There are 2 protein chains.
Amino acid sequence: MPDKPQNHSVVIGLNAVIIAWDDPVPRFLVRNKHKNINELPFDVFQPLSYRTLEENVHALVDDQAKLELGYIEQLYTFGNRGRDPQEEKGGPRFVSIGYLALLLGKAIEESNAFSETNLWKDIYAFFPWEDWREGQPAILTQINESLEDWAAHATNDHDKQEKRARIQKLFGKTTKEWNEELVLERYELLYEADLIVESLRDKNQELPFPTGIPMEYDHRRILATGIGRLRSKIKYRPVVFELMPSSFTLLQLQHLVEALSGIKLHKQNFRRLLERTGMVEPTGEVSEQTGGRPAQLYRFRAEVMAERQDPNITLPSLSNS
Amino acid sequence: MPDKPQNHSVVIGLNAVIIAWDDPVPRFLVRNKHKNINELPFDVFQPLSYRTLEENVHALVDDQAKLELGYIEQLYTFGNRGRDPQEEKGGPRFVSIGYLALLLGKAIEESNAFSETNLWKDIYAFFPWEDWREGQPAILTQINESLEDWAAHATNDHDKQEKRARIQKLFGKTTKEWNEELVLERYELLYEADLIVESLRDKNQELPFPTGIPMEYDHRRILATGIGRLRSKIKYRPVVFELMPSSFTLLQLQHLVEALSGIKLHKQNFRRLLERTGMVEPTGEVSEQTGGRPAQLYRFRAEVMAERQDPNITLPSLSNS
DNA sequence: AAACTAATACTCTTACTGAGTATAAAATAT
DNA sequence: ATATTTTATACTCAGTAAGAGTATTAGTTT
């Protein structure tokens, strides 16, 4: 007799990482359900009500906060057993799909996106080691010590070497060695090294020092995936413009890219890049709110996507802070 | 009263795109179930038997063909209603997850990977427009005519312009304009333009000319996703070496990269790149099977991944055929 | 008026790509 | 046995872009 369908059925959770730009802070939406509990907006997929997963994600966001989303993309499908406490009580198997979405820049201007009903929290409060805009984050000295400790206690030499190689690659100490895209990989290394509260919940252990705000379930992992994907995406697709208002100064644009990538950029080279690719054009107006010489206002030229095969933003980074 | 769990439960299908290198043909595994029917290896996820999705994928592959896999990665989760005919008959909702895996090069040498029980089919028999190794594929003249026709029949001018822009971007006629990574995007454009059999099954239409071998369900779409991902991946992660035997000549390596990307490369520049990045080192031996001057044998230097932050392969392409 | 803040213009070195030419060392064809 | 073909390998040269600056301009704030 073949398997009964019950043996195969699972429940799908949809989780949304929604990013917004609140100059100079990059934020994401936290579900405002219980105080002191940080969850991504999420919902159980309702196959009877929605034709596609994306439709359900849109509805989920609309429902909990009337938001105008721009770019949206699927991140990853996580299927590990034991991520949801309900399962342990004999509930159904959970598989969760993460989505990344961007809140349109004009939506911020026009809507109540930052009202009290929505909690928009600073991304880097959850990943303090990822923000290099003011130079190397202080927390990295403690992290590196703890990681070295962890590697030193490896069971054998081969394992020890491998761990040190990973640490070196992910947490290299100079700006040149820092690869800002590896957000998820760094989170998972810290998780393995018992430096993330989420991994210690059942172990009766304590953190040696605070390592960012924890989240429910595996939501901080999904958030890490989202930030990593966004950092990689801005380099080969001009998604940043969705987060910007329709007209902006080049310094504002630079600040946004810096906020997302967590890296300071070289101003002159950044401008040279934008000119070369033709991604922006002057509106003709100037902004007087600069506190210095007034700046030209620019708008995004959507046509470049059709004209050029490859309008890359290559993050002209600054090694010295 | 809250929803019953039944309203939420779905069945997950796991689909594997398994790539192998059979010099000079890049192949993928087709399930050998019924003749003249082309399916990817797939299975229903069994949440009671496996702790993770990946474990189930591995088991699925092992079961149907004893294969030694190297790299494996998740591609995408497809949740559109109506992809599986079973659903129409009141069956459960299907959500399918695609995976990409590579058959280890040494596995080919040592195993029965290409035996009669496994059907390894030429990738480009399913996507004849994607193979530019011998210059522009002949089928592209027909495709471009049909696409222009399709755009010309758009309902309004704006729509017409948009369609032409997409065609130009995806099917640009010169080597310089061709972006080999956009395999999925091209497949979906052809699908929309009714040039893919899979989209016509219920429409009682016929193809104007054959456009590659069709597959069951949406498996050709998943295959397109896999090829596109692999083409993009080889540029920033040295995954190609998994498909190669442990020692090889540089021309063999170049042929593999060309086969996967569908593009001819400039030999001297390709070698210069490999030298500069230190990705390979000579074994000291030479191959006499070249039919010309004997070639040095090389092996992959796994250490580069630790040494260098970014050992890119940048496809030094050849514009003239 | 001096100090500060930012915008904008320009330079210089280095790295890498695209596209070759030239030569060497073997196999195969005549 | 010599010519032709095949492949490997060495080297060149122009063009593009990145990294890291200096210098100047045009406003605000003190």
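Atoms considered below: every heavy atom in the structure, side chains included; atoms not considered: hydrogens, waters and symmetry mates. Please read all numbers here as calculations on a predicted model, not as lab measurements. Letters A, B, ... are given to chains in the order of the sequence lines, protein chains preceding strands, and every chain is numbered from 1.
- We find that CD of E275(B) is positioned 16 Å from P of dA15(C), with the value rounded to whole Å.
- H266(A) has its NE2 atom 10 Å from the C1' atom of dA18(D), to the nearest Å.
- In terms of position along DNA chain D, the nucleotide closest to Q252(B) lies nearer the 5' end than the nucleotide closest to the other residue of the pair Q252(B) and R272(B).
- Dashed line: the shortest gap from a side-chain N or O of R276(A) to OP1 or OP2 of dA17(D) is under 4.0 Å.
- Pairing each heavy atom of Y124(B) with each of S261(B), the nearest pair is OH-C, 4.2 Å.
- Rounded to an integer number of Å, the gap from Y298(B) OH to dT9(D) P is 5 Å.
- Remark: aromatic rings of F248(B) and F300(B) are distant, center separation not under 6.0 Å.
- The distance from atom NZ of K267(A) to atom P of dC10(C) is 17 Å, rounded to the nearest whole Å.
- Rounded to an integer number of Å, the gap from CZ of F248(A) to P of dA7(C) is 13 Å.
- Ranking dA20(D), dA17(D), dT28(D) by closeness to the K176(A) side chain, first place goes to dA20(D).
- Side-chain contact, E177(B) with Q168(B): a donor N or O sits under 3.5 Å from an acceptor N or O.
- Taking CD of E281(A) as the reference point, atom OG of S247(A) lies at 11.5 Å (rounded to 0.5 Å).
- Toward the 5′ end of DNA chain C lies the nearest nucleotide of G292(A), the other residue of the pair Q268(A) and G292(A) mapping further downstream.
- The side chain of T249(A) sits closest to dA7(C) out of dG21(D), dA19(C), dA7(C).
- By the 30° and 60° cut-offs, the orientation of the rings of W132(B) relative to W178(B) is tilted.
- Between dA19(C), dT7(D), dG27(D), one nucleotide has an atom nearer to the side chain of L251(B) than all others, and that is dT7(D).
- Rounded to a whole Å, the NZ atom of K264(A) is 17 Å from the C1' atom of dG19(D).
- Closest to the side chain of R293(A), out of dA26(C), dA6(C), dC13(D), is dA6(C).
- Of the candidate nucleotides dT17(C), dA25(C), dG18(C), dA25(C) has the atom nearest to the side chain of P294(B).
- One interatomic measurement links the two molecules: NZ of K235(B) to P of dC16(C), which rounds to 18 Å at whole-angstrom precision.
- Note: CG (L274(A)) to P (dA17(D)) measures 14 Å, nearest angstrom.
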